[in-house]
Amino acid sequence: MANSFASRIVENFISALSNITYQEISLAWGKQAPDNRLGVWLQDLKDAYYDAEDVVDGFMTHKIKQLNQNFHEITVLRNSLHVVDKHDGRSHDLRRDRETIFFVLTSEVIGRDEEKKRIVKMLTQDDAAKEDIPVLPIVGIRGLGKTALTKLVFNDATVDAHFELKQWVCVFVDFDLKGLMECLNGKKYLLILDNVWNEDNRKWVEFKNLLAGGASGRRIVVTTRSNRVAEITGTIPCHYLKAFPYEKSLSLFLKFAFKKGKEKQHPNLVKIGQAIMKKCQGIPLVVKVLRSLLFFKTSEQEWTLVRDSERWKLMEKDNEIVSIMKLSCDQLSPQLKQCFAYCSLYPNDYCFNEFNLIAFWMAHGLLESPSKNENPYDIVLPKWIGYLKHLRFLDFSNCPNIKKLPNSLCELYKLQTLNFHGCGQIEELPKYMRYMVSLNFLSLTTQQQDLGGNGLQHLKSLQLLVIYGCPNLKYLFQEIQELTSPNTLVIAACKNLVSLPLGLENLTALQYLIITDCEQLDLSRTQGFQEKIEKVEEDGFSLLSLGIVNLPKLGALPQWLLRGSTNTLKNLTIADCVNFTTSVEWHNLTSLEKLAIIHCPQLLSLPNNMQRLKQLKIEYCPLLSQRCQQGTGMDWLNIAHASFIVLDGNAISANDN
């Protein structure tokens with residue numbers, strides 16, 4: 001009752017301010033107040049809102065009175081700022097923004113073909129041997145396409161054929177210098193240092209000295225806006241990028257602002273576009289941003305709004321294009337502007353996970369629940385997810401609070417990847433997973449004891465199945481034999497799993513099998529294989545890779561597991577199987593190329609006839625290590641031909657052999 005009453009009070013507060021709150025936040029993006037009062041007002045409003053939430057969380061009557069006073073003071077302060085309400089969600093007042101906006105244009109790079117050819121020729125021509133590494137600086141202001149042009153060069157077929165190695169480094173962010181040196185050492189390489197700002201000559205000399213170990217013919221390309229950087233780094237004449245002429249800018253703009261031939265139907269828009277292009281100063285990035293902004297828009301008012309924007313004056317005054325880039329941001333709703341601004345917290349070139357980003361947006365209150373009565377956890381995986389009919393990828397792994405998956409999940413007929421492993425509270429799988437006919441990657445965690453009854457056997461497109469962290473799981477599902485397409489099966493951290501299903505041998509497409517951390521699993525107890533052993537030999541799976549880790553009850557590899565793979569198995573890893581000894585099929589693995597045996601103290605011998613063995617690793621297997629000692633061990637002649645051997649941390653290379 002108290003919570004309900006408090007909620008109504010807060011709703012009254014919020015509804016009274018809802019017509020101004022987001023508008024003012026939107027205005028704050030574009031309006032620079034004469035002092036910091038606007039920022040103070042916004043912060044006060046945010047604090048008051050959070051206080052209102054706290055009242056709902058823990059109802060306290062005396063706080064409501066204080067909240068009322070807080071909002072009254074905020075309203076008075078707002079009125080003193082003389083801020084005008086706007087109802088279209090847009091703002092066209094300006095403020096200087098010093099954020100660096102980083103775009104990579106790798107396609108539709110128009111008008112740089114001749115420059116690309118000159119640079120490629122410069123990089124691939126064979127000069128007389130020089131001690132110094134040739135360094136070519138590519139210099140130009142922001143938005144001219146330095147990175148785009150360099151990527152064209154980097155991906156050129158002539159460049160591919162000329163250099164042994166190509167490496168791209170964005171200098172603006174931290175990178176692994178040691179790893180870079182190891183990668184380049186001794187090779188004829190092309191190194192791209194993109195977006196260089198540091199004008200410290202001493203640091204450049206130190207860096208260049210580290211590159212002294214490369215082969216003859218190596219080259220370095222530096223992209224920068226700084227003439228000083230170009231002077232410090234360059235050993236050959238700089239390539240200065242120039243702006244596009246007006247005619248080329250207009251052609252590029254019209255080509256993509258309209259569908260092919262449609263510009264003739266809108267002569268007035270073309271005329272406005274011509275005026276806009278005259279203001280672009282021939283900067284390709286500005287042209288592309290504006291053509292995307294105006295694409296599909298046929299209202300003269302919208303085009304005129306861009307043409308007459310005050311942001312052009314800032315661009316002319318400060319020679320900065322960021323103000324023009326803001327035009328695209330102006331078109332966003334106030335809520336989306338906040339979401340977009342949050343992305344600035346990520347460093348340049350950072351590859352973020354979209355689901356994590358959405359979770360952060362939600363945590364900061366930037367996303368609204370579609371229903372006032374919706375459970376907070378449903379916001380993460382809402383029941384209406386089934387409406388996303390074209391969804392292809394869904395990953396909400398490691399979300400410990402999710403207890404139930406909505407059945408509407410099974411309506412995602414086009415979903416290809418579904419990952420919810422690590423969601424340890426999920427009580428059961430949806431009943432109708434059989435309808436997820438496009439699913440080819442499934443990674444799951446559940447509290448169920450048996451996976452039968454969920455229709456998994458009908459997932460005919462499934463190629464990779466991961467069953468992870470299911471503490472109560474004792475059995476998989478008997479109908480697994482109906483799955484004919486999986487090529488990878490991973491069973492991990494299912495501590496109560498006691499046996500594998502009868503039809504596992506019918507997974508004829510299976511090539512990669514990993515079983516790990518299943519303490520109760522006894523592969524020899526698996527029923528049904530003995531009576532079908534002849535069929536296994538004829539039709540069973542042919543593995544390429546097998547990994548078995550931490551199966552305490554494993555004494556030997558059963559026949560059903562290896563018989564069909566004796567001539568195909570290339571990679572085998574067995575680790576932390578303290579009771580593992582050997583098996584009949586152990587000695588027929590003639591195709592093995594990589595073998596790792598770790599912490600199997602009872603194992604006494606290796607497979608025979610491993611003529612193709614390339615890599616061998618044996619750790620914490622004292623009896624086996626003794627038999628494999630170089631020159632003296634009983635099994636040494638069986639493994640001496642391998643190119644790389646590690647025995648208890650000691651590496652033996654082919655040269656040592």
Side-chain angles (χ1 to χ4, degrees), residues 104 106 109 112 115-139 146-198 200-224 229-239 348-351 571 593-594 614-615 617 642-646 651-657:
V104 177
T106 58
V109 182
R112 301 295 188 192
E115 291 175 283
K116 171 196 166 186
K117 291 177 182 178
R118 289 199 301 270
I119 294 174
V120 169
K121 181 179 180 180
M122 191 181 308
L123 295 176
T124 56
Q125 63 185 4
D126 292 324
D127 297 330
K130 296 181 180 179
E131 295 183 2
D132 203 12
I133 308 174
V135 180
L136 170 64
I138 298 180
V139 188
K146 300 180 294 297
T147 298
L149 174 59
T150 306
K151 284 203 170 186
L152 287 180
V153 172
F154 188 80
N155 295 316
D156 184 79
T158 304
V159 172
D160 279 337
H162 185 79
F163 292 99
E164 181 182 358
L165 176 69
K166 300 185 302 178
Q167 195 73 24
W168 186 289
V169 176
C170 182
V171 183
F172 191 86
V173 297
D174 294 334
F175 62 93
D176 183 3
L177 180 58
K178 181 179 179 181
L180 178 64
M181 297 303 102
E182 293 176 354
C183 180
L184 299 179
N185 189 32
K187 294 183 174 64
K188 179 181 179 182
Y189 60 77
L190 171 63
L191 174 62
I192 308 296
L193 300 177
D194 188 34
N195 200 15
V196 178
W197 280 93
N198 196 303
D200 189 334
N201 182 63
R202 178 178 54 82
K203 290 185 178 180
W204 170 252
V205 172
E206 291 175 355
F207 174 74
K208 201 170 180 183
N209 288 338
L210 295 175
L211 301 176
S216 175
R218 60 196 188 278
R219 299 287 189 273
I220 298 176
V221 174
V222 172
T223 71
T224 181
V229 170
E231 293 174 2
I232 292 173
T233 61
T235 63
I236 53 182
C238 299
H239 183 87
N348 282 347
D349 281 5
Y350 181 83
C351 295
N571 303 319
E593 296 180 0
K594 296 180 180 180
K614 298 178 181 178
Q615 298 181 20
K617 182 177 183 179
S643 58
F644 189 73
I645 300 173
V646 176
I652 303 172
S653 66
N655 294 332
D656 296 330
N657 295 345

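Heavy atoms only: backbone and side chains are in, while hydrogens, waters and symmetry mates are out.
- Separation of atoms NZ (Lys121) and CG (Asp156) is listed at 14.0 Å; rounding is to 0.5 Å.
- Inter-residue side-chain proximity for Val229 and Pro137 is flagged as unmet; no heavy-atom pair is nearer than 4.5 Å.
- Remark: Lys151 NZ to Asp194 CG distance equals 8.0 Å, nearest 0.5 Å.
- The main-chain N or O of Lys614 is found under 3.5 Å from a side-chain atom of Ser643 such that the two form a donor-acceptor pair.
- Nearest heavy-atom pair, Thr223 versus Asn195, reported as atom, atom and distance to 0.1 Å: OG1-N, 2.8 Å.
- Atom OG1 in Thr233 sits 10.0 Å away from atom CG in Asn201 (nearest 0.5 Å).
- The closest donor-acceptor contact from the side chain of Thr224 to the backbone of Val196 lies under 3.5 Å.
- When every heavy atom of Gln167 is checked against every heavy atom of Leu184, the shortest pair comes out as CB-CD2, 4.2 Å.
- When all heavy atoms of Leu211 and Met181 are compared, the closest pair comes out as CD2-CE, 3.3 Å.
- Of the inter-residue distances, the one linking Ile220 atom CD1 with Ile133 atom CD1 reads 4.5 Å to the nearest 0.5 angstrom.
- When all heavy atoms of Pro134 and Thr235 are compared, the closest pair comes out as CA-OG1, 3.2 Å.
- Between the CD1 atom in Ile138 and the CG atom in Leu193 there is a gap of 11.5 Å [rounded to 0.5 Å].
- Looking only at side-chain heavy atoms (C-beta outward), Asn198 and Phe207 stay at 4.5 Å or farther from each other.
- Exactly one residue among Val221, Val153, Leu136 makes a side-chain contact (heavy atoms from CB on, under 4.5 Å) with Met122. That residue is Leu136.
- Among all heavy-atom pairs drawn from Lys188 and Ser216, the shortest one is CG-O, 3.6 Å.
- Scored by the salt bridge (charged side-chain N to carboxylate O under 4.0 Å, His left out) test, Lys166 finds Asp160 as partners (sequence neighbours excluded).
- The only member of Lys203, Arg202, Lys208 that meets salt bridge (charged side-chain N to carboxylate O under 4.0 Å, His left out) when paired with Glu206 is Arg202.
- Between atom OG1 of residue Thr124 and atom CG of residue Leu190 there is a gap of 10.5 Å, rounded to the nearest 0.5 Å.
- The two residues Leu123 and Phe163 have their closest heavy-atom pair at O-CZ, 3.5 Å.
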